[in-house]
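Comments concern the structure below.
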Amino acid sequence: MAKKSPERQRSTSNVLLLLVSYGLYAQTNAAYTLILLGVTFVTYYFALLIERSQAERPKHLLIVCGSALALLPLLVFKYYNFIINTSNAFFESIHCATVLPGLNWAVPLGISFFTFQAVGYLMDVYYRRIKAEHNWLDYMLFVSFFPQIMSGPISKAKDLLPQIKTCRQFDAAMATQGLKWFVWGLFLKVMMADRLGMYVDQVLDNYMFNSGTSCILATIYYSFQIYGDFAGYSFMAMGVGKLMGFNLINNFQRPYLSTSITDFWRRWHISLSTWLKDYVYIPLGGSRCSKARNYWNIFVTFLVSGIWHGANWTFVFWGVLHGLFQIIEKMFGWQKVTTTNLPVRVARIAITFTLVTIAWIFFRQPTIADAFGVIERIVTEHGALFKPSNTEVVFSALSIGIVACVDLLREFLPKRFYQLVQAPVVVRWCVYYALLLIVLLSGVFDSSQFIYVSF
């Protein structure tokens, strides 16, 4: 029997991955595959038109129209009700009887991720960073690739499209590394994030009936919950990608060991930070302008970040906080300060973690008033700590401890960490099986979906 040519093998593999990607996405709501297909179609054909256009003015018109059309479903599905509710609240405040109708529909899963990925591709073609993709099926797979469509990472075309267009062979070493990433991501999600989430929900959903001490612990837990939830998904996506021969971007680089808010955004949700830098911050003028304009560019960039995360004033406030933190750092030059002095570095890490955790309160609570309510409880109402069962305490502490040890080793003793990674095969596989056993026996498997899927 004749062997398939490499190109035919690649095409068959990509078609199969495309069918799986659309099939899995259709499980959420089959009708929403039309939104995914529409965004893909618009950005694909507008990229071709931009590439063919010679004059600058028509290209500018095409990028504006193409981006607007691609972003339209995101704006309608995710922000229409927010805009309407805000308008109705304004009309009510001025005693106007006008009530605009809202729409009762669910937001398509992952719409923020695949829309930004597709618009990023269109921008790259416009700025001549890449050539337009002419293979329709390859481009469809680029936008819909199932490991990342729900919660990222947001891949750049220059990174993912060449891998899609390459004939991939099974690589045992790559697959083994992929399984390691997947198990680690699973641990972060079901052992740490979902377990901590039970305490967080019990306390912060009823913060007015809990002490400030309990609220402090719950907010710290939430910092680790959202890290475990989002990084867990990203690591699992990396793992699945490696099993199939793809290298996806590592979206997290030990963010809670950052020494400034600026440093935090180099380590947290790296693909979104890169997207915002390339397609918002730099086009606004970046840092190559006056100080005042630079501060404004930072502010707008993180305002967009807040809006991207959700249609609620809490997310806007969260984005504004991060923008203001970075503006203050830039004003005093704190983001450039590096030190080998361990006590100073630890102090800066503690301050950064505290600021990030305070900002997470606004991210987590349903209203800004509720967020300030939590902060008020923390400042004024100290009392008995709400304590779950001893089992919950042990497993929560164990999960945070394991994650902290791994991140601290990789950050401060990387050579020692990689020596441990290269330990004898028997030792390594004992650790892998122990980790998997902890996940299976102690993980929380009846929790809700990933937090970032809703974005």
Side-chain angles (χ1 to χ4, degrees), residues 17-47 65-86 101-123 136-137 139-157 160 189 226 229-230 233-234 236-237 240-241 248 251 269 271-272 275-276 279 304-312 314-316 319 363 366 447-455:
L17 283 174
L18 183 60
L19 291 173
V20 170
S21 296
Y22 267 82
L24 290 174
Y25 193 79
Q27 294 298 309
T28 61
N29 187 323
Y32 286 162
T33 56
L34 296 176
I35 303 297
L36 173 60
L37 191 61
V39 171
T40 306
F41 178 85
V42 166
T43 50
Y44 174 78
Y45 278 101
F46 268 86
C65 292
S67 299
L69 286 173
L71 289 167
L72 184 62
L74 175 63
L75 296 173
V76 171
F77 278 90
K78 194 168 180 178
Y79 301 107
Y80 176 83
N81 283 340
F82 173 62
I83 295 170
I84 292 300
N85 292 337
T86 302
L103 297 172
N104 185 24
W105 54 29
V107 177
L109 293 182
I111 188 170
S112 298
F113 290 94
F114 69 72
T115 299
F116 267 35
Q117 182 157 311
V119 171
Y121 158 79
L122 193 61
M123 293 284 192
W136 166 243
L137 294 179
Y139 183 69
M140 284 182 71
L141 180 58
F142 163 73
V143 178
S144 66
F145 190 43
F146 76 89
Q148 62 174 40
I149 190 172
M150 297 295 187
S151 288
I154 304 169
S155 292
K156 294 180 76 69
L160 186 55
K189 169 62 177 170
I226 196 167
D229 188 277
F230 194 19
Y233 180 98
S234 294
M236 283 192 277
V240 173
L248 300 179
N251 227 3
H269 203 172
S271 61
L272 176 63
W275 197 98
L276 291 170
Y279 309 119
V304 172
S305 174
I307 294 170
W308 177 88
H309 277 87
N312 194 319
T314 55
F315 297 114
V316 174
F363 191 93
S447 185
S448 59
Q449 66 182 11
F450 289 88
I451 294 173
Y452 262 74
V453 165
S454 59
F455 302 145

Exercise. Leu74 and Phe116: side chain to side chain contact (heavy atoms under 4.5 Å, CB included), yes or no, with the steps?
Worked result: CA-CA 10 Å; Leu74 175 63; Phe116 267 35; 4.2 Å; yes
Problem set entry | Audit row: Phe142, Phe114, side chain to side chain contact (heavy atoms under 4.5 Å, CB included) steps and yes/no | CA-CA 9 Å; Phe142 163 73; Phe114 69 72; over 6 Å; no
Taking only residues two or more places apart in sequence or in another chain, which ones pass side-chain contact (heavy atoms from CB on, under 4.5 Å) with [X]?
X: Ser234; value: Phe230, Asn251, Phe252
X: Leu19; value: Val15
X: Ser67; value: Ile63, Val119, Leu122, Met123
X: Leu72; value: Val76

Report, one line per pair, each donor and acceptor closer than 3.5 Å where one atom sits in a side chain of residues 24-31; sequence neighbours left out.
unit_1: Tyr25; atom_1: OH; unit_2: Leu109; atom_2: O; d: 2.7
unit_1: Thr28; atom_1: OG1; unit_2: Tyr25; atom_2: O; d: 2.6
unit_1: Asn29; atom_1: OD1; unit_2: Ala31; atom_2: N; d: 3.1

Once side-chain hydrogen bond (donor to acceptor under 3.5 Å, both in side chains) is applied, do any residues pair with [X], and if so which ones, sequence neighbours excluded?
X: Ser144; result: none
X: Gln117; result: Gln148
X: Thr43; result: Tyr139

Does [X] have any ring pair (Phe, Tyr, Trp, His ring centres under 6.0 Å) partners at least two apart in sequence or in another chain, and if so, which?
X: Phe77; value: Tyr32, Trp105
X: Tyr45; value: Phe41
X: Phe46; value: none
X: Tyr279; value: Trp275

Minimum heavy-atom separation for [X] to [Y], with atom names?
X: Pro147; Y: Ala237; answer: O-CB, 3.2 Å
X: Ser21; Y: Phe146; answer: OG-N, 3.1 Å
X: Pro73; Y: Val39; answer: CG-CG2, 4.2 Å
X: Gly310; Y: Phe315; answer: CA-CD1, 3.4 Å

For this session: Kindly indicate, with the supporting measurements, whether the criterion side chain to side chain contact (heavy atoms under 4.5 Å, CB included) is fulfilled by Leu272 and His309.
Result: CA-CA 10 Å; Leu272 176 63; His309 277 87; 3.6 Å; yes
Exercise. Between Tyr79 (side chain) and Ile307 (backbone), is there a donor-acceptor pair under 3.5 Å?
Worked result: yes
If I take atom [atom1] from residue [X] and atom [atom2] from residue [Y], how far apart are they, to the nearest 0.5 angstrom?
X: Phe363; Y: Ile226; atom1: CZ; atom2: CD1; result: 4.0 Å
X: Ile149; Y: Phe113; atom1: CD1; atom2: CZ; result: 11.0 Å
X: Ile154; Y: His269; atom1: CD1; atom2: NE2; result: 4.5 Å
X: Ile111; Y: Leu71; atom1: CD1; atom2: CG; result: 9.5 Å

Problem set entry | side-chain contact (heavy atoms from CB on, under 4.5 Å) partner of Leu160, the single match among Leu141, Val143, Leu248 | Leu248
Exercise. Passes side chain to side chain contact (heavy atoms under 4.5 Å, CB included), Tyr22 versus Leu36? Steps please.
Worked result: CA-CA 9 Å; Tyr22 267 82; Leu36 173 60; 3.7 Å; yes
